[in-house]
Protein chains: 2
Amino acid sequence: MDNDRTDTKLVDVARLAGCSPATVSRVLNNNPKVDVKVRDRVVKAAAQLGYVPNGSARALRSTKTRTVGAIIPTLDHAIYATMVNSLQARLSEKDVSVIINTSMYDIDIEFEQAKLLVERGVESVVLVGSVHRPETLAMLEQRNIAYVFTYTSLATDIGAAIGFDNVKAGAMAARYLVDLGHTQLGMIAGITENNDRASARRDGFLGELKRQGLANDNITVTESAYKIEGGRDSMRKLMTGPNPPSAVFCGSDIIAAGAIKYCHAEGIRVPEDVSVFGFDNLEIAELTHPELTTIEVPARDMGTIAAEYLLATPLQRQHMRQRELSLKLVVRASTAPRKPIEAQRCSFS
Amino acid sequence: MDNDRTDTKLVDVARLAGCSPATVSRVLNNNPKVDVKVRDRVVKAAAQLGYVPNGSARALRSTKTRTVGAIIPTLDHAIYATMVNSLQARLSEKDVSVIINTSMYDIDIEFEQAKLLVERGVESVVLVGSVHRPETLAMLEQRNIAYVFTYTSLATDIGAAIGFDNVKAGAMAARYLVDLGHTQLGMIAGITENNDRASARRDGFLGELKRQGLANDNITVTESAYKIEGGRDSMRKLMTGPNPPSAVFCGSDIIAAGAIKYCHAEGIRVPEDVSVFGFDNLEIAELTHPELTTIEVPARDMGTIAAEYLLATPLQRQHMRQRELSLKLVVRASTAPRKPIEAQRCSFS
DNA sequence: CTGTTAGCGCGTTCAC
DNA sequence: GTGAACGCGCTAACAG
């Protein structure tokens, strides 16, 4: 709704520098075969006029936008915000811009956003998880737009994956808790609908428990939004239900913080009466009482590595298409042995 | 580095629909004076071909990009991530894209990012705070790019401001603490260099204390990064210094959380021995022990209202140029009277 | 209501 | 090493 065209354009620079537009263009694009003197004149002229190239025109002419899109569930969860932060930081060093979109965990909205991004001419797209509408991926593939999944290690034939194995993550938590002697377990998963990461962690957790010989009767699973409130409510359900667990695996540190809050309010001791295990290793993991045992998600690294992938040439990319980052179990004070069995550090993956 | 041009373009749609490119363009732009039948044919043809308009060409021709830029210090702080989240959510409803940039609290980097945004053709820019390089604002003004400051209520002649009064915020905290009878005060400000919000809060805090008759000797000010660690270290400095305060105002809840952690470790009771006052009212304010008394920053509202401003017409904007949102004092358990004076709810602005 | 004409600002051939 | 000419895909004017 704005933008007068009082702007100086490339021709104006050319005129002032006493050369042709083509030469100015060459200087702008760092074409080495331009005489140093001429180059200097051009640079000076551009500066003097406060010339800023018109990105739309460049993009139209060169079919290069130096723009990537990122579609994440929300920026209100630190785990995604941090990823985008490092993604943008790295891309920005190479003058690549990031258009950010939030899907609110809805793959239909994600598809709409993806369409808009295609229209904007993004050269690649960063997605979260590996569950998307087939149309979304088909559209990107048809236009030859590279895409990367994050927070998962499951790539497609065409798209890369930079993340970790959520199934392993769930199993890691299960094994740690079982090793501590717990036999009555609970899980407060995040919302698993349309969230393959959350459901994979749940499946990994349950799968490992089964492998360890635990019966379904000994396990209760609930779901909660990624909010303190949700964690608190879910914990209440678990602890006042038929089979109160002695250890609970939460789909996020936020949920775990809520769970611990509930215990406090009810006089349930953590970890003496119940162990609480988080996920993400957010800053808040050090703020709960006791501090949270959790699994660290490499959010920052995922952003940086995804950026690296997108900056790479198609050839280089082939070796970067699937990157499984390792998960770190961070043992703090919210978990303890059920019976006098020695807690032991466990390291997977 | 990608993007083959196998893409179908507007002419192709026109051909298939049996009409001129201009008509297709009209349909695309919801120009009402197109016959319904023709419109239908065009829509069908476009769908059949999987046509996606070329944003660069549209932008070049129409000098409209439907794109806004946001330059914030970092996405790693929830207060900014939340603002961007709601900004994007609202703009997205109108098919306006957001290019996100982080300046790491550096106004020189901010300037560089702004240049890139101008080159990308953004129609407006969202900035944080009111301190920027003059070149940055001059550039935007010269190009007729609208800009909005957030987290501040200080507008310029040309740019709008949507936020709150940081001086008042500081004063609000000061008054609350003084009303509780505290006379020996500390402040852990955020980093104030290049951060007008942090320094305004500090100035507001100190100003109000002076107004209340407190001498400088009774006040100690330190600075800390927005990290738990930083809060802890600064609190140590304060409490082991010459004049240990009985109440401390922190520039952020994160810092306050660190301060409380230090107290825990040292056996200093909060709020009996020292009151701790936060800022932001992040989710973590309910996770500290005791829970934090703090001032709520309307991050979400700022994003939404900034979006509303940018979506408005120039005419409408005139009434929206300066928007001071009110601040809410959230009293929890981390503050208490120094002496037996009754605590009282205080509400400014 | 619809088609025709003419560029938007730039980068890329080609010649020279 | 440099310039001239063309056109990227689309929409704004203008006719009709």
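Proteins come first, then strands; the chains are lettered A, B, ... in the order of their sequence lines, and each starts at number 1.
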Between protein and nucleic acid, restricted to nucleotides 12-16 of chain D and to nitrogen or oxygen atoms under 3.5 Å apart, what atom pairs and distances do you find?
| from | atom 1 | to | atom 2 | distance (Å) |
| --- | --- | --- | --- | --- |
| dA12(D) | O4' | Arg61(B) | NH2 | 3.3 |
| dA13(D) | N6 | Arg26(B) | NH2 | 3.4 |

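- If you check dC10(C), dC8(D), dT2(C) against the side chain of Leu60(A), the one that comes closest is dC8(D).
- Rounded to 10 degrees, the angle between the two end axes of the helix from dC1(C)-dG16(D) to dC16(C)-dG1(D) is 30°, with five pairs used at each end.
- Taking the six-membered ring for Trp, Phe111(B) and His132(B) have ring centres at least 6.0 Å apart.
- Out of dC10(D), dG3(D), dC10(C), the shortest distance to the side chain of Cys19(A) is found at dG3(D).
- For Arg58(B) and dC10(D), the shortest distance from a side-chain N or O to OP1 or OP2 is not below 4.0 Å.
- For Lys33(A), taking side-chain heavy atoms from C-beta onward, the closest of the listed nucleotides dT2(C), dG1(D), dT11(D) is dG1(D).
- Heavy-atom minimum distance, Ile191(B) versus Ala198(B): O-CB, 3.7 Å.
- Qualifying side-chain hydrogen bond (donor to acceptor under 3.5 Å, both in side chains) partners for Arg58(B), counting only residues two or more places apart in sequence or in other chains: Glu119(A), Asn29(B).
- Side-chain contact of Thr156(B) with Tyr147(B): a donor-acceptor pair under 3.5 Å is present, judged by distance alone.
- At dC10(D), one or more side-chain N or O atoms of Tyr51(B) fall inside 4.0 Å of OP1 or OP2 (strictly under the cut-off).
- Within 4.0 Å (heavy atoms only), Leu10(A) reaches sugar-phosphate atoms of the nucleic acid but no base atom.
- Each of Pro21(B) and Ala57(B) has a nearest nucleotide on DNA chain C; the 5'-most of these lies closest to Pro21(B).
- Following rounding to the nearest Å, Lys37(A) (NZ) and dG1(D) (C1') show an atom-to-atom distance of 13 Å.
- Listed nucleotides dG9(C), dT4(C), dG3(D) differ in distance to Ser20(B); the shortest reach to its side chain belongs to dT4(C).
- In this structure, Glu110(B) contributes its side chain and Ile71(B) its backbone to no donor-acceptor pair below 3.5 Å.
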